[in-house]
Amino acid sequence: MMLFNAKKSTLAITLAVLLLSSFGAMQAFGDDDEHEGREHGEGREGMTGGLLTASNATFQTECSACHMAYPPGMLPAASWREMMGTLDKHFGSDASLDEATVAEILPFLEQNAAPERKADSGEKPVLRITETSWFKHEHDEISAATWKRASIKSASNCMACHTSADKGNFDEDSVRIPR
């Protein structure tokens, strides 16, 4: 009888530790200012594992005409609104779209955007994914020299290392840093 009770106690302790560990992991991605882990869309609809899979045909066609169509969950809605409102000055290019196309793409971006981060109301939205605290945290071990390699060119070239980024897969298992 003592052996049975010992096994029950061990099982109960193991389950309690697992539950607390899971809760701690979920809290690590909460709305704290220190990490802002959810800035890139974790826990959002359309994201499973390392995948950001929300899609819209018009968004995909228009954005991927010049670069990879970055998943909407990589930036908050305020950033997407600012970007869509300034397409005539899109990182040095005129990427203007007609009103009907903007009217289709913008709601898609807003609905699938990362949660808004805590900020001062006067703070300008971040337009570059590479300038988000999440991106910096996730890539803090990458040297400046690595970003400058001819095979990579810049931090915004997700496809250079994330071999399935165009499919929304940013899982670390698919990362291959080119020489």
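Looking at Ser93, its side chain never comes within 3.5 Å of a backbone N or O of Ala95 through a donor-acceptor pair. With hydrogens and angles ignored, the 3.5 Å screen pairs no side-chain donor or acceptor of Thr130 with any backbone N or O of Ser156. Formation of a donor-acceptor pair under 3.5 Å by the Ser151 side chain with backbone atoms of Arg179 is found in this model. Checking side-chain atoms of Ser64 against main-chain N and O of Ala69 turns up no donor-acceptor pair under 3.5 Å.
Within the model, atoms CZ of Arg81 and OG1 of Thr86 stand 13.0 Å from one another, a figure rounded to the nearest 0.5 Å. In this structure, Gln60 CD and Met68 CE are separated by 9.0 Å, a value rounded to the nearest 0.5 Å. Distance CG/Leu52 to NZ/Lys167: 14.5 Å, rounded to 0.5 Å. With rounding to the nearest 0.5 Å, the separation of CD in Glu99 from CG in Leu97 is 11.5 Å. Atoms CG and CD, from Leu127 and Glu82 in turn, are 5.5 Å apart once rounded to the nearest 0.5 Å. Note that CD1 of Ile129 is 8.0 Å distant from CH2 of Trp134, once rounded to the nearest 0.5 Å.
Contact record, Pro71 with Phe170: CG-CE1, 3.6 Å, taken as the closest heavy-atom pair. The two residues Ala160 and Pro178 have their closest heavy-atom pair at O-CD, 3.4 Å. Taking all atoms of both residues into account, the shortest heavy-atom contact from Cys161 to Ile152 is SG-CD1, 4.0 Å. Contact detail for Trp147 and Ile142: the closest heavy-atom pair is CE2-CG2, 3.5 Å. What you find for Ala113 and Trp80 is that their closest heavy atoms are CB-CD1, 3.9 Å. Nearest heavy-atom pair, Thr101 versus Glu62, reported as atom, atom and distance to 0.1 Å: CG2-CG, 3.9 Å.
Shown are His137, His139, Glu138, Glu131; of these, the side chain to side chain contact (heavy atoms under 4.5 Å, CB included) with Phe135 is made only by His139.
Contact annotation: the side chain of Arg149 approaches that of Ile177 to within less than 4.5 Å [non-hydrogen atoms, C-beta and beyond]. The shortest distance between side-chain heavy atoms of Glu110 and Met84 does not fall below 4.5 Å.
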Taking it one step at a time, do Arg128 and Phe91 satisfy side-chain contact (heavy atoms from CB on, under 4.5 Å)?
CA-CA 9 Å; Arg128 293 181 184 274; Phe91 304 107; 3.2 Å; yes
Starting from the C-alpha separation in whole Å, work towards a yes-or-no answer on side-chain contact (heavy atoms from CB on, under 4.5 Å) for Leu109 and Met83.
CA-CA 11 Å; Leu109 293 171; Met83 193 174 305; over 6 Å; no
